[in-house]
Engineer: 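Can you keep this structure in mind? I'll have questions shortly.
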Amino acid sequence: MFAVINSTIAYAQQEIPAHAKWGKVAIKETQAKYPQAKIIDYLHEGREVTKDATIEKFKLWLKQSDKEFGVHVRIKFATNSNKVEKIEIQETTS
């Protein structure tokens with residue numbers, strides 16, 4: 001016979017980082033540009049805020065066949081409206 005014990009489990013509420021939305025965009029755009037590659041790592045490198053625009057910066061590490069390489073993704077958007085103005089993806093060797 002099994003005894004059932006009532007217990008309350010408290011979960012720490014985790015805040016979703018502000019850059020999470022843009023990280024999804026960075027991943028989606030990278031997958032579109034490199035459809036044969038697998039994204040194996042992800043890093044949010046920070047954000048730059050100017051008067052009217054914000055740039056979210058990410059580095060993703062990809063593997064395609066036997067080649068591994070990084071890409072820098074920069075997403076520029078209007079700070080007030082979150083409307084994307086420009087997305088840059090540039091390969092890096094480091």
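Along the sequence shown, residues carry numbers from 1. This is a predicted model, so every value here is computed, not measured.
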Engineer: Should side-chain heavy atoms under 4.5 Å link Ile, Leu, Val, Met, Phe, Trp and Tyr, which residues sit in the same cluster as Leu62?
Structural biologist: Trp22, Val25, Ile27, Tyr34, Ile39, Tyr42, Phe58, Leu60, Phe69, Val71, Val73, Ile75, Phe77, Val84, Ile87, Ile89
Engineer: Suppose we screen for side-chain hydrogen bond (donor to acceptor under 3.5 Å, both in side chains). Which residues come up paired with Gln64, at least two apart in sequence or across chains?
Structural biologist: none
Engineer: Excluding sequence neighbours, so at least two apart, what forms side chain to side chain contact (heavy atoms under 4.5 Å, CB included) with Ser81?
Structural biologist: Ala78, Lys83
Engineer: Once side chain to side chain contact (heavy atoms under 4.5 Å, CB included) is applied, do any residues pair with Ala20, and if so which ones, sequence neighbours excluded?
Structural biologist: Ile16, Pro17
Engineer: Hey, could you give me each pair passing salt bridge (charged side-chain N to carboxylate O under 4.0 Å, His left out) that has a residue in residues 20-42? Not counting sequence neighbours.
Structural biologist: none
Engineer: Please list, chain by chain and in numerical order, all residues satisfying side chain to side chain contact (heavy atoms under 4.5 Å, CB included) with Asn80, sequence neighbours excluded.
Structural biologist: none
Engineer: Other hydrophobic cluster members with Val49, side-chain heavy atoms of Ile/Leu/Val/Met/Phe/Trp/Tyr under 4.5 Å, chained?
Structural biologist: none
Engineer: Under the rule for side chain to side chain contact (heavy atoms under 4.5 Å, CB included), what residues qualify as partners of Lys76, not counting sequence neighbours?
Structural biologist: Ala53, Ile55, Glu85, Lys86
Engineer: Quick test of your reading: applying side chain to side chain donor-acceptor pair (under 3.5 Å), list the pairs with at least one residue in residues 45-54, sequence neighbours left out, ordered by first then second residue.
Structural biologist: Glu45-His72, Glu45-Arg74, Arg47-Glu56, Glu48-Lys57, Thr54-Thr79
